[in-house]
Structures are given as structure tokens and as C-alpha cells.
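Read the structure below first, then the notes.
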Amino acid sequence: MLRKAATTRYVSYSFGTLLTIANLFLITYLLDIYQFGVWGVANSLIYVFSQLAQLTYVQYIEKYFPKYSKERMDYYLFKFIKTVFLTSILWFMTLSLAEYFGYFEKFNAENLPILFLIIALLSCVEASIELSAKYLLALKETAKFDLNELIVFKLFRLVIFYILLINEYSVYYLLLTNLILRSVFLIRVLLGRNEKLINLFKSILFSNVKVDNFKNLSYTFTAFIIKTLQVTFLNVIFLLLTNMSDNETIAIYSLGILIINNLKPIYASLSSLLLPIISKNIHNQKINPELLSLVSSMNKIFIGFTILLAINITKFKLIISPFLESFDSEIYNIILISVAAASITSLYLPKYLSVLFSDNEKKIFQYLLINFISCISIFYYFSLEYETNLIYFYILFELINYLIFSIMFGTGKVKNIFTPSFYILLVYLALHLYGIDFNTIMIFIYLTCLIFDISQFIKYFKAFEKSKNENYET
């Protein structure tokens with residue numbers, strides 16, 4: 001089951017990545033730089049609001065749904081989704097308050113109430129999609145989610161965006177298209193559990209949100225704050241930057257943030273499949289270090305290859321240069337650094353999940369809160385005094401998180417696998433950013449190490465196959 005789900009996810013995410021990249025550079029090329037800045041800010045707001053709109057529900061689903069019957073899952077899911085959509089009023093009011101204090105003045109945007117309504121609704125749709133994804137993961141039906149997202153959303157979005165952009169429609173129409181497509185995607189995913197659309201709407205509409213809504217808050221609230229701190233840091237510092245920068249700078253970093261926000265789920269795609277397995281194993285007082293080691297090894301191989309590709313694409317300006325004519329040469333380094341930065345979370349995710357589900361959420365929260373406040377404060381100080389690259393501050397935040405789980409919680413049974421090709425790529429990346437050219441030599445060393453890493457991966461895979469029936473639930 002895990003092998004099939006992992007294969008489907010990697011294949012769908014690989015094609016989806018190509019479509020997402022094509023869509024991103026299409027927007028970059030055909031939107032003017034000011035509208036692109038609005039697109040970036042709107043998506044950052046949606047990213048933050050959608051995380052807050054999840055209201056501890058994702059954490060509840062991740063930890064407890066794998067142990068529930070399908071009927072009990074449905075009971076809670078529909079209740080959760082209804083509550084999520086009720087928060088749309090809060091997000092609209094928040095945006096209206098930001099307008100009152102002049103946050104949107106520099107964008108010269110018109111019809112702001114329409115923009116606010118789209119952002120508020122899209123935030124709730126995105127939050128509901130995240131709940132549905134975790135729900136299907138607990139049911140071990142992730143293949144359906146992945147294929148629907150590829151076809152219904154990513155493929156259709158590229159076609160529709162192209163038609164809108166060549167006809168010079170504004171960014172509002174792009175956001176509205178996203179809202180419609182994501183809503184259709186959500187309905188298709190949920191319809192798999194109900195025969196008729198009307199039954200689905202009735203199940204959600206008539207759910208009683210006043211009963212059994214926020215359960216196990218001692219765990220879920222803390223875990224929710226932890227995730228919120230993790231996933232919103234980059235978008236929070238970007239929204240702070242928009243108050244202190246011109247539209248050109250906002251547009252440049254919008255591209256970097258969109259790359260990170262889109263690549264993070266892809267890097268973490270295999271690790272995310274471990275949620276129900278880890279939850280059941282810890283509940284049954286089991287652990288499978290072979291499985292976590294296998295995922296760690298695969299993640300590093302995949303990340304290394306992606307960084308190698310990004311270095312050479314940005315170095316030789318392959319394919320992407322025609323789409324970036326309105327930006328200066330700095331944009332290529334922003335793209336490369338963003339590709340690398342997006343990978344850091346996936347490096348510690350398997351260990352993080354194991355530690356979190358072992359009742360360490362309060363300790364994790366303390367460390368992450370200190371890290372979040374410290375990095376926000378450092379960024380704010382430097383941004384006032386100097387011209388700063390916010391991607392580097394995001395990397396600092398994530399590296400500290402990585403150290404927390406690698407060192408402070410490093411006494412457990414989950415191993416950090418040494419993968420030479422990955423570290424060679426990090427050296428190659430550093431040399432490239434400093435302008436030192438060892439391209440041919442570094443690629444040769446990388447490929448040599450990659451052969452070793454693949455042989456090690458096969459070894460871990462065999463160990464996993466040998467122990468899987470004994471040590472974890474599938």
C-alpha cells in the first residue's frame with residue numbers, strides 16, 4: 001500500500017511540478033511587475049490565512065483519524081469543514097482593517113472588497129483541501145487526491161491561465177480562477193465518500209459545530225501553533241517586507257516565495273505519507289527506524305538532484321530567461337536559493353513527526369517559539385538598517401529547526417543517514433553562489449557519490465522490506 005501510494009505521489013507530483021513551473025513562469029512573463037507583486041502578496045495572505053483557518057483540525061486528523069472508523073471520520077470531517085468556512089468573515093474583516101491602515105495603497109489596486117472576498121474564500125477552500133488530504137491519508141486513499149489535483153487543478157489551471165493572460169485579464173481573474181478550480185477539486189475529492197452532490201452539501205451544512213468540535217485541545221492546539229510557526233514564518237517576513245520595499249523588490253521576492261511554497265509539498269511528499277503509520281506505531285508502542293531511514297535517504301537523493309538541476313538552469317539561463325526579461329540578473333540567484341531553501345523542512349520531517357507524536361509537543365513548541373521570535377526580530381532589525389535577502393533569514397530559521405531535531409532530540413532510534421551526494425551538492429551550491437566555477441569536477445564527484453548513495457538506498461529498502469510486516473502498520 002505504501003509503495004503504491006508513494007509511486008503515485010511521486011509520478012503525479014513530478015508532472016505537477018512541471019505544470020506548476022510552467023504556470024509560474026507564464027504568470028511572471030505575461031503579468032506586469034506591479035500586478036505580479038499583487039499576485040505574490042495575495043498568495044502569501046492566502047497561505048497564512050489558510051493555515052490559521054485549519055483551527056487545530058489537521059493536527060487532530062493526523063494523530064487520531066488513523067485509529068477511527070470511516071463513519072466517525074466523516075462525522076468530524078464535515079463538522080470541521082463547516083467551521084472552517086465560518087472563519088471567512090474573520091479574514092475579510094482582517095483585510096478590510098489592513099486597508100483602513102493603508103497596507104494596500106502602494107499597489108494602486110481597485111475594487112479591493114472583491115479581492116478581499118476572493119482571498120477570504122480561497123483561504124477557506126485551501127484549508128478544507130488540507131483537511132481532506134489528511135482524511136484521505138488516514139483512509140489510505142492518497143492516490144485519488146494526487147491524481148485529481150494533477151488533472152482537475154494543475155492541468156486545467158495552466159490552460160485557463162494562458163487564455164486569461166494573453167487576453168490581458170487582471171490578477172483578480174487569476175485568483176477567481178484559482179478559487180473556482182480549487183473548489184471543484186475539493187468537491188471531487190469529497191464526492192468520493194458520498195453518492196450525490198446534494199448529500200455532500202447537506203452533510204456539511206447540517207453538521208452541528210457546537211458539539212464535539214474542538215477535542216483533545218491539550219495536544220492539538222499546541223501542535224497547531226507549532227505548525228503555524230513553521231509554515232507561516234516565510235510569508236510573515238515577506239508581508240513585513242512589503243511595508244518597507246518598492247514594488248520591484250516585492251515582485252522579485254514574490255517569485256522566490258511562490259517557488260518555496262510550491263516546492264515544499266513536493267520535497268515532503270514521501271514523508272507526509274508516513275503520518276498514519278507513525279501515529280499507529282507510536283500508539284501501539286512500535287517504531288520502524290528502517291522505514292524512516294529509507295525516507296531520509298530518498299529525500300536527500302531527490303533534493304540533491306533538484307539542486308543540481310537548478311544550479312545549471314540558473315547558471316546557463318536555460319529555458320527560463322525569456323520569462324524573466326522584466327527582472328534584473330539578481331532574480332536567478334533568488335530562484336536558485338529558493339529551490340534549495342524549500343528542501344530543508346523535508347530533511348527533518350520524518351524525525352519531527354516521530355518526536356511530535358511521542359507527546360513532546362510542549363517541548364517542541366518552546367524551542368520553535370524562541371526560534372520564530374528571534375528570527376523575526378533579527379530580520380526586522382536588519383531590514384531597517386540594511387538591504388536584506390529575506391530568503392536567507394528563512395534558511396536560518398529552518399536550519400535552526402533542523403538542528404533542534406537532529407541534536408536536541410537526537411537520542412532516539414531515528415537515524416540521520418549520511419548521503420555523500422547530497423553534501424557534495426551543498427558544497428557545489430556554495431561555490432557557485434560565491435562565483436567559484438568547478439562545474440565539471442563537481443558534477444563528476446556528485447555522480448560518483450550518487451552511485452554509492454543509490455546502492456545504500458537499495459540496502460535500506462531491503463531492510464525495510466524485511467521488517468515491514470513486523471514493525472509497522474500499513
Side-chain angles (χ1 to χ4, degrees), residues 43-63 123 126-127 129-131 133-134 137 219-240 256-275 278-279 295-296 299 303 338 340-379 390-409 414:
N43 277 278
S44 285
L45 288 167
I46 292 166
Y47 198 90
V48 173
F49 288 163
S50 65
Q51 168 59 32
L52 296 174
Q54 292 167 23
L55 298 173
T56 76
Y57 296 148
V58 165
Q59 290 67 39
Y60 185 86
I61 293 172
E62 286 177 344
K63 185 165 185 178
S123 299
E126 291 292 346
I129 288 174
E130 182 68 9
L131 301 188
K134 303 303 183 185
L137 181 58
Y219 164 78
T220 59
F221 181 74
T222 306
F224 168 71
I225 297 298
I226 290 170
K227 185 182 177 184
T228 301
L229 294 176
Q230 285 180 300
V231 304
T232 62
F233 176 82
L234 175 63
N235 294 275
V236 168
I237 61 174
F238 172 65
L239 293 172
L240 286 174
I257 289 168
L258 288 168
I259 289 171
I260 292 173
N261 287 343
N262 282 278
L263 281 183
K264 277 177 70 175
I266 296 168
Y267 283 133
S269 59
L270 185 59
S271 299
S272 63
L273 294 174
L274 299 177
L275 283 166
I278 294 175
S279 176
V295 172
S296 175
N299 281 344
I303 291 167
S338 299
S343 68
I344 302 174
T345 301
S346 65
L347 295 176
Y348 64 76
L349 189 57
K351 176 69 176 178
Y352 161 75
L353 293 173
S354 181
V355 172
L356 179 65
F357 289 169
S358 299
D359 299 323
N360 288 302
E361 64 273 5
K362 292 183 180 179
K363 187 178 293 187
I364 295 172
F365 168 72
Q366 293 172 0
Y367 289 125
L368 283 182
L369 181 62
I370 293 171
N371 184 23
F372 185 91
I373 294 174
S374 299
C375 289
I376 288 281
S377 302
I378 294 170
F379 167 77
L390 66 82
I391 308 296
Y392 286 125
F393 287 91
Y394 172 69
I395 291 174
L396 173 64
F397 174 74
E398 286 287 44
L399 286 178
I400 293 173
N401 289 340
Y402 176 81
L403 290 174
I404 288 173
F405 295 107
S406 296
I407 297 175
M408 294 184 180
F409 297 113
V414 181

Of all heavy-atom pairs between [X] and [Y], which one has the smallest distance, and what is that distance?
X	Y	answer
Phe397	Cys375	CA-SG, 3.8 Å
Lys264	Val231	NZ-CA, 4.3 Å
Leu347	Tyr402	CB-CE1, 3.8 Å
Leu239	Ser44	CD2-CB, 4.2 Å
Ala53	Ala127	CB-CB, 3.8 Å
Gly256	Ser338	CA-OG, 3.2 Å

field: Test side-chain contact (heavy atoms from CB on, under 4.5 Å) applied to Phe224 and Leu55, step by step
entry: CA-CA 7 Å; Phe224 168 71; Leu55 298 173; 5.5 Å; no
If you measure from [atom1] on [X] to [atom2] on [Y], what distance do you get to the nearest 0.5 Å?
X	Y	atom1	atom2	result
Leu131	Tyr60	CG	OH	13.0 Å
Thr220	Tyr57	OG1	OH	9.5 Å
Ile129	Gln54	CD1	CD	11.0 Å
Asn235	Ile257	CG	CD1	6.0 Å
Asn261	Phe238	CG	CZ	10.0 Å
Leu234	Ile391	CG	CD1	5.5 Å

task: Please step through side-chain contact (heavy atoms from CB on, under 4.5 Å) for the pair Ile225 and Leu368, ending with a clear verdict.
output: CA-CA 9 Å; Ile225 297 298; Leu368 283 182; over 6 Å; no
- prompt: Excluding sequence neighbours, so at least two apart, what forms salt bridge (charged side-chain N to carboxylate O under 4.0 Å, His left out) with Glu398?
  reply: none
Lys134 and Glu130: CA distance, side-chain angles, deciding distance, side-chain contact (heavy atoms from CB on, under 4.5 Å) verdict: CA-CA 6 Å; Lys134 303 303 183 185; Glu130 182 68 9; 3.1 Å; yes
message: Holding to ring-ring contact (aromatic ring centres under 6.0 Å, His included), I want the full list of residues that pass it with Phe393, two or more places apart in sequence or in another chain.
response: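 Phe393 satisfies ring-ring contact (aromatic ring centres under 6.0 Å, His included) with Phe379 only.
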- request: Applying ring-ring contact (aromatic ring centres under 6.0 Å, His included), name anything that partners Tyr348, two or more places apart in sequence or on another chain.
  value: Phe405
Ile376 vs Phe233, side-chain contact (heavy atoms from CB on, under 4.5 Å): CA-CA, chis, key distance, verdict: CA-CA 8 Å; Ile376 288 281; Phe233 176 82; 3.7 Å; yes
message: If we ignore hydrogens and angles and just use 3.5 Å, is the side chain of Ser343 paired with the main-chain N or O of Ala340 as donor and acceptor?
response: yes
Taking the side chain as everything from C-beta on, heavy atoms only, tell me whether [X] gets closer than 4.5 Å to [Y].
X	Y	value
Leu258	Asn43	yes
Leu137	Ile61	no
Thr345	Gln230	no

